[in-house]
Each structure stands twice: as structure tokens, then as C-alpha cells.
Amino acid sequence: MKILIADCATLTQNNDLDITVFEKYGDVVYNKNISRNELLNTVHEYDMILCNKTIIDRVVIESAKKLKFIGLLATGYNNIDVTAAKENGITVCNAGSYSTSAVAQQVFAYILNHYNAVNRYNDFVQNGGWQQSPTFSVLCFPTDELKDKTSGIIGYGSIGKRVAEIALAFEMNVLVYTRTPKSDNRVRFTSLDELLKNSDIITPHCPLNEQSKEMFNKETFSKMKDRAFFINTARGGIINEQDLAEALKSGKLSGAAIDVLNHEPMSKDCVLKGVPNLIITPHTAWAPLETRKRLLGIVEDNIKAFLNGTPKNKVS
């Protein structure tokens, strides 16, 4: 077989991860971040494509005469036209749940930084503030306990559940809104409006689709509890970025932290750049080394299962 890894640079940029494991299944072509033109010009050569965020739409699929398998190096698959893949007999498999622990960890990194003012206090100390203090303890930034605060989780898949577990360990109350009925007596399932009204922290963990596109907008932010803290580690497209910027500038939100944007890498004219009380990280919640190793293992298992005629983690 001939195998394309379409966007190697999203997996490793400093050779900290061995991605040659797939060579045992065929001749592998490595591309750091394949352009659309190059993909269209060469896709007919490949039996298998492994990709993270490369767009494989109907035009690409209908040019891929030999292609039988697309292995996603990710959980989300909104970059693949799964309908076209199915029509053309192409199996698409994702890597579900590989990043559950890492993303939940990032959510709480944001939360703890926000409520403990870690960055602000470090900047204060590094700039000589503590050296000038008349007392041993300087209380110049407000901090808050997480105990008894309410965390609102939207979507209750593996990541949402892990976030809830950590919140409960901090003795927080947990509200959950999900379109799919669940059973968990540790949390309280509620409507979206009730969650928005009563949550101190709101963190969505849902896929990007027609229902979730820009679900966080001016109206949604207006329904949130005053001074709530908003987090997005899901997909950039679930937020109207201009409306988030206004919610932060107006003081409606006490802060926000996001790991994803509508356009990645960040565009030069991104409306969120420089907005006060906003932390932006460059889509790294999924990326600890242990997490990426786990990801490769799942993708390799998907390939083995496909070749054995028993594909798993199919999305098409």
C-alpha cells in the first residue's frame, strides 16, 4: 500500500514522537502540512491517508481512485466529508477518547490560573512587587475557592465526564446539559438556559456541527451568570468570536480561556487578540507527549482492524 501522512507537523515538530510506526503497513509519504493543490494532484496515488486537520472534501475524495481508508489522527472529523467517503466506499475511522485526560487537565489549568491569579502574582513578584512589601503576604489580587462553585458542562462524552469528576473532587456543584440522555447521580442534568444562569464556570465539550455552530453568541453570553468564567477546548466554530470579545470587554464575563479559534493558525486580524481577561493557547490541550503516543497507538489499532476486515471507531 501507499500511505500518506498529510500533516506530520501537527503530530511532532521536534522529533519527540516516532511516527515511522506506520511503515510496516506500506510505503509512507510524509508531508509536514500538505497544500490543497498538492493533495488534489497526488491523492490518486494513495490507498490510505492519515491526517489530523487536512480538509478531505468531496472534490478530494472523488479524485482518490485508489483510496480505501482515512485514519484520523484526531477525535473530531468535521474536516472529512464522511457522506462522500461512504458513497465512494472509503472507511473513515477516528481516534476517540485518546485526549480525555489531557483536555480535562487543560480545563482545570485555566480554572486554577483564573481563580488563584497565578500568572498575575508571578508577574507581580518578578517585577519586584514582593520585595517592596511591608508584610510577608501580599494580597493585591483577589482569589477564590472552587469549593461550592458551580461548573456547567455542555456535552457529556468522555471529556465532559472527566471534567465533572475533577470538579467533584474540588467539591464543586456540577450542572450538565446534553442532547443525549445520560444517567449519573453525581451531577444534575438541566436545560441549557438553567445551566447558563446558574454556572460560575461554563465549559462546552461538544462536536462542531450545524446544531452547535456559534451556539455561544451574544444571546447565550447575555444569559450567563454575571462574572462567569468561560472556557472552550472543543472547536472554535462553536463561538461567535466578536460576541465573546464584547462579553469580556463589557465585564459580563470575569474571564475566558480558549484553546481553539475559528481560523487556525490565528489570523492577523483575529478579533480576540489583545482582549482583556482572555487566555488563548494555540490548540495544545490535546498535545502532551503521552497523549500523542496514545493517539498513534489507537490509529495503528484502527489500521490493523481495517486490514483484518473488522474496522473499529468508524465514523463512515
Side-chain angles (χ1 to χ4, degrees), residues 1-13 17 19-96 98-99 206-214 234-238 260-267 282-283 286-287 292 295-296 298-307 309 311-316:
M1 290 193 303
K2 192 168 183 180
I3 303 168
L4 170 68
I5 304 181
D7 40 19
C8 299
T10 67
L11 288 173
T12 177
Q13 296 179 18
L17 186 67
I19 60 175
T20 65
V21 294
F22 302 111
E23 292 181 3
K24 68 185 77 168
Y25 303 103
D27 296 325
V28 178
V29 174
Y30 300 93
N31 196 301
K32 288 186 177 181
N33 194 15
I34 197 166
S35 69
R36 182 168 179 82
N37 284 341
E38 184 176 356
L39 181 60
L40 284 170
N41 289 334
T42 60
V43 70
H44 64 277
E45 302 174 9
Y46 299 109
D47 303 283
M48 184 178 294
I49 294 177
L50 308 180
C51 67
N52 190 332
K53 294 294 180 286
T54 300
I55 302 297
I56 302 182
D57 56 17
R58 182 174 291 275
V59 176
V60 174
I61 286 169
E62 292 182 349
S63 301
K65 303 306 181 184
K66 294 171 59 181
L67 191 63
K68 293 300 178 187
F69 179 84
I70 298 173
L72 279 152
L73 296 154
T75 301
Y77 51 89
N78 53 290
N79 56 314
I80 310 296
D81 188 330
V82 293
T83 301
K86 186 174 183 179
E87 290 172 1
N88 286 271
I90 299 169
T91 299
V92 182
C93 298
N94 73 340
Y98 79 93
S99 63
C206 51
L208 175 61
N209 51 38
E210 288 303 314
Q211 290 73 41
S212 64
K213 186 176 181 180
E214 293 197 1
R235 286 290 183 266
I238 69 174
V260 285
L261 293 170
N262 279 313
H263 301 287
E264 298 175 351
M266 174 189 272
S267 59
H283 208 137
W286 68 283
R292 287 179 283 131
L295 168 62
L296 286 194
I298 294 171
V299 174
E300 184 175 6
D301 285 345
N302 286 347
I303 292 173
K304 290 178 182 177
F306 170 74
L307 294 176
K312 59 183 181 179
N313 297 318
K314 283 183 64 176
V315 296
S316 171

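Numbers here are sequence positions counted from 1.
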_I'd like to know if the side chain of Lys66 and the backbone of Tyr46 have a donor-acceptor N/O pair within less than 3.5 Å._
no
*For the residue pair Thr83 and Arg58, establish whether any side-chain heavy-atom pair is separated by less than 4.5 Å.*
yes
*asked:* Looking at Phe306, I'd like to know if its CZ atom is crowded, meaning that more than 12 non-hydrogen atoms belonging to other residues, nucleotides or ligands lie closer than 6.0 Å.
replied: yes
*How many angstroms lie between atom CD of Glu264 and atom NE2 of His283, to the nearest 0.5 angstrom?*
5.5 Å
*Just by modelled atom types, is the Ile238 backbone N or O under 3.5 Å from a matching donor or acceptor in the Ser212 side chain?*
no
*If we only count heavy atoms from C-beta on, is the Cys8 to Ile19 side-chain gap below 4.5 Å?*
yes
_Ser63 to Leu40 - nearest heavy-atom pair and separation_ = OG-CD2, 4.3 Å
*State the CG-CG distance between Leu4 and Asp27, to the nearest 0.5 angstrom.*
12.5 Å
*Find out whether Lys68 and Thr91 are in side-chain contact, i.e. whether some heavy atom of one side chain is under 4.5 Å from a heavy atom of the other.*
no
*Donor-acceptor pair, Asn31 side chain versus Asn33 backbone, under 3.5 Å?*
yes
*Any side-chain heavy atom of Phe69 sitting closer than 4.5 Å to one from Leu307?*
no
*Quick one: closest heavy-atom pair of Lys312 and Ala305, and the distance?*
CG-CB, 3.9 Å
*Would you sort out whether Asn79 and Cys51 count as a side chain to side chain contact (heavy atoms under 4.5 Å, CB included), showing the intermediate values?*
CA-CA 10 Å; Asn79 56 314; Cys51 67; 4.2 Å; yes
*N/O donor-acceptor pair under 3.5 Å between Asn94 side chain and Thr75 backbone*: yes
*asked:* Could you tell me if the side chain of Leu261 sits less than 4.5 Å from the side chain of Ser267, heavy atoms only?
replied: no
*How far does CG of Leu72 sit from CG of Asn302, to the nearest 0.5 angstrom?*
9.0 Å
*State whether the side chain of Glu300 and the backbone N or O of Leu296 hold a donor-acceptor pair below 3.5 Å, judged by distance alone.*
no
*Could you tell me which non-hydrogen atom of Ala234 sits nearest to which non-hydrogen atom of Val260, and how far apart they are?*
O-CG1, 3.8 Å
*Ala95 and Leu295: which non-hydrogen atoms are nearest, and at how many Å?*
CB-CD1, 3.5 Å
*Beyond-backbone contact of Ile80 with Val315, side-chain heavy atoms, under 4.5 angstrom*: no
*Worked check of side chain to side chain contact (heavy atoms under 4.5 Å, CB included) between Leu67 and Asn88*: CA-CA 9 Å; Leu67 191 63; Asn88 286 271; over 6 Å; no
*Side chains of Lys213 and Asn78: does their closest heavy-atom pair fall under 4.5 Å?*
no
*Do side-chain atoms of Asp57 reach the backbone of Val60 as a donor and acceptor pair under 3.5 angstrom?*
yes
*Looking at NZ of Lys2 and CG of Asp47, how far apart are the two atoms once the value is rounded to the nearest 0.5 Å?*
9.5 Å
_On a heavy-atom basis, which atom in Ile56 and which in Ile61 lie closest, and how many Å separate them?_
CG2-CG1, 3.7 Å
*asked:* I need the Ile49 CD1 to Thr54 OG1 distance, nearest 0.5 Å.
replied: 8.5 Å
*Could you tell me whether the side chain of Arg292 reaches within less than 4.5 Å of the side chain of Trp286, counting heavy atoms only?*
yes
*Return the minimal non-hydrogen interatomic distance between Val43 and Ala64, and the atom names on each side.*
CG2-CB, 3.6 Å
*Do other residues, nucleotides or ligands put more than 12 heavy atoms under 6.0 Å from the NZ atom of Lys86?*
no
*OH/Tyr30 to CD1/Ile3 distance, rounded to the nearest 0.5 angstrom?*
8.5 Å
*Would you please test Thr10 and Lys53 for side chain to side chain contact (heavy atoms under 4.5 Å, CB included) and show each step?*
CA-CA 8 Å; Thr10 67; Lys53 294 294 180 286; 5.5 Å; no
*Leu50 and Ile303: CA distance, side-chain angles, deciding distance, side chain to side chain contact (heavy atoms under 4.5 Å, CB included) verdict*: CA-CA 10 Å; Leu50 308 180; Ile303 292 173; 4.1 Å; yes
